[in-house]
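Beneath this line is the structure, given in structure tokens, with notes to follow.
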Amino acid sequence: MSDTLKLSQARQGDRGVIVQVGDHCHHDEHAMELERRLLELGFVEGACVEVLHEGLFGRDPIAMKVDDMRVALRRHEAASLTVRFEAVAVMEAGFLSEEATA
């Protein structure tokens, strides 16, 4: 089971895989520039992300691990990334039930 959300909605400890970078709106130059910068930083489709830390005021910025690198983004920048988050509780419950049957 998984949920697809914007990265800006993630909480500390959430893990997932990037499924879309940007909104693919080619009419807005600012959105195109942000998408280009995110791609250059390694935010590509299929990259694994984990939220490591959130700022104190407004939970901004967000520090995250993208594959093997650490990056910090503002929430409005992170809103340009769509991520499929795995439900940790469901995965842990499945793991525990497999151990009980073994």
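Every value quoted in this text rests on a predicted model; they were computed, and no experiment measured them.
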Under a 3.5 Å distance rule, please check whether [X] uses its side chain to pair with a backbone N or O of [Y] as donor and acceptor.
X   : Y   : answer
Q12 : L52 : yes
D60 : G55 : no
R59 : E54 : no
E33 : H30 : no

Let me confirm one number: the [atom1]-[atom2] distance from [X] to [Y], rounded to the nearest 0.5 Å.
X   : Y   : atom1 : atom2 : answer
M64 : C48 : CE    : SG    : 14.0 Å
F43 : Q20 : CZ    : CD    : 15.0 Å
L7  : T82 : CG    : OG1   : 9.0 Å
R74 : L34 : CZ    : CG    : 13.5 Å
F85 : D14 : CZ    : CG    : 5.5 Å

Side-chain contact, heavy-atom cut-off 4.5 Å: [X] with [Y]?
X   : Y   : result
R75 : I62 : yes
S80 : L38 : yes
V49 : I18 : yes

Checklist entry - What's the shortest heavy-atom distance between V51 and A10, and which atoms? => result CG2-CB, 3.6 Å
Next on the checklist: How close do G42 and A47 get, counting heavy atoms only, and between which atoms?
Outcome noted: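 Minimum heavy-atom separation between G42 and A47: O-CB, 3.9 Å.
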Item to check | Verify same cluster id: V21, V19 (apolar side-chain graph, 4.5 Å) | outcome: no
Next on the checklist: Check for me, please, whether V17 and V44 land in the same ILVMFWY cluster - side-chain distances under 4.5 Å, paths through other members count.
Outcome noted: no
Checklist entry - Should L5 and V83 be marked as a side-chain contact (heavy atoms from CB on, under 4.5 Å) after you check the CA-CA gap, both sets of side-chain angles, and the distance that decides it? => result CA-CA 6 Å; L5 299 170; V83 178; over 6 Å; no
Next on the checklist: If you count heavy atoms of other groups shown closer than 6.0 angstrom to CZ of R37, is the number above 12?
Outcome noted: no
Checklist entry - Are E50 and K65 within salt-bridge range, i.e. N to O under 4.0 Å? => result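 Salt bridge flag = no for K65 with E50.
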